[in-house]
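Step one of this worksheet: look at the structure below.
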Amino acid sequence: MPELPEVEVVRRGLERWVAGRTVAAVEVHHPRAVRRHLEGADHFVAALTGRTFSAAHRRGKYLWLPLAEADGTPAGRAMVAHLGMSGQLLVEKPARPRETHLRARFTFTDGGRELRFVDQRTFGGLAVEDAEGEGIPSRLAHIAIDPLDPSFDEAAFSAALRRRRTEVKRALLDQTLIGGVGNIYADESLWRARLHGTRPTDRLTRAQVADLLDGVRSVLGEALAQGGTSFDSLYVDVNGQSGYFSRFLAVYGQADRPCPRCGTPITRESFMNRSSYSCPVCQPAPRTRRPSAEPRTRRS
C-alpha cells in the first residue's frame, strides 16, 4: 500500500495541476470507487459539479481537496481520497484514451487536463465529506500528524510510544500514534535506528526513541526526494511517473542480501500476514518476547 512519500508526491501533483480549478462534470464508472460516499454516486456527482478544488492536503495516507463555491467562499466540504493498494489519481489530456481500470473522471471548466481515478483492485475510494474551511474532514481526525509536519511534537510522541505495551514495529504502523508510516518505511527506519521490530516499546530509552524518530524522518525525506518507492506500475505520481527509492532500500525486500552496514545476510520474518526484514547483527532480536497487549494495530 502507498505510504507517506508516495501519497505526498500525489498531493504535490494535485496542488500543481488541480487546485484552483472548477469541476465541469464528474463521471463515476464503477460504484466501488465511491462506496465511502454513503449518499450514493448521483449525490457524489452533484456535490462536486460546479465546485472548485481550492487546495490539496494530506493526513497520513489520505488526501483531501477542500471545495469552494463559484464565488470562492468555502463550501464546507471536501473530496477525500484514499488510494488503497492500487489507486492512482492521474492528470491526463482529454484526448488520451480512457484507462482499462478507470473508475471516475473529472473534467474542468477551463477545458484543460482531466483528473482521473484509476484503480485496478478497487480497494481505494473517493467521498465528499464535511470539512470546515481548510479543516480536516472528521473521518481523518483520528490519524496522527506525521513526523515531517512542522507541528509534530517529539516529546509527546516519545512519551506516548514508551507508554505503549506493544512491539515497536506495531507501534510505528499505528496511525493514531504516528501518521503515514507503513511496512516498507517501518523496516527501513528500524534498521537505521538499529532496533528490532519486536523490541517492547515500554523498554525503549529516550535516546533510542530519538534515534528511531531520526530514522523515520530521514528515510521518509529521502524517499520523498526520489518520488517514493515503486515496485510495479501501480505506484505513480499524477503524471504516471514511478519513484526510484526502491533502489536505495537497505533491508526491505532484501532477504539473503548483505546488510549495507555490516555485510550480514538480511533475514525475513512473518509479520501480521506480511513480512519484516532486518539485519540479525545490527538489529538483534530481544532475548524474550512478551506477547503484545495491543494485538490489533489500526491502519488507515
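Atom set for the values below is all heavy atoms of this structure, side chains included, hydrogens, waters and symmetry mates excluded. Please read all numbers here as calculations on a predicted model, not as lab measurements.
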Pairs flagged by ring pair (Phe, Tyr, Trp, His ring centres under 6.0 Å) wherever residues 254-283 is involved - sequence neighbours left out: Tyr252-Tyr277
Note, Cys259 side chain near Val281 side chain (heavy atom, < 4.5 Å): no
Looking at [Y], is its backbone amide N or carbonyl O close enough to the side chain of [X] to form a donor-acceptor pair, meaning the two atoms are under 3.5 Å apart?
X: Thr267; Y: Pro280; answer: no
X: Glu39; Y: Phe44; answer: no
X: Asn183; Y: Ser275; answer: yes

Residue pairs involving residues 45-57 (criterion salt bridge (charged side-chain N to carboxylate O under 4.0 Å, His left out); sequence neighbours excluded): Arg51-Glu69
Taking only residues two or more places apart in sequence or in another chain, which ones pass side-chain hydrogen bond (donor to acceptor under 3.5 Å, both in side chains) with [X]?
X: Thr264; answer: none
X: Arg32; answer: Thr122
X: Asp110; answer: Arg21
X: Ser218; answer: Arg192

For [X], all residues meeting side chain to side chain contact (heavy atoms under 4.5 Å, CB included), sequence neighbours excluded:
X: Thr100; result: none
X: His101; result: Arg103, Val118, Gln120
X: Arg194; result: Arg261, Cys282
X: Ala186; result: Lys169, Leu172, Leu173, Val181

Test salt bridge (charged side-chain N to carboxylate O under 4.0 Å, His left out) applied to Glu114 - qualifying residues, sequence neighbours left out: Arg105, Arg116
Report all side-chain donor-acceptor pairs from residues 151-162 shorter than 3.5 Å, counting only partners two or more places apart or in another chain.
residue: Ser151; atom: OG; partner: Asp149; partner atom: OD1; Å: 2.6
residue: Asp153; atom: OD1; partner: Ala155; partner atom: N; Å: 3.2
residue: Asp153; atom: OD1; partner: Ala156; partner atom: N; Å: 3.0
residue: Glu154; atom: OE2; partner: Arg217; partner atom: NH1; Å: 2.7
residue: Arg162; atom: NE; partner: Leu204; partner atom: O; Å: 2.9

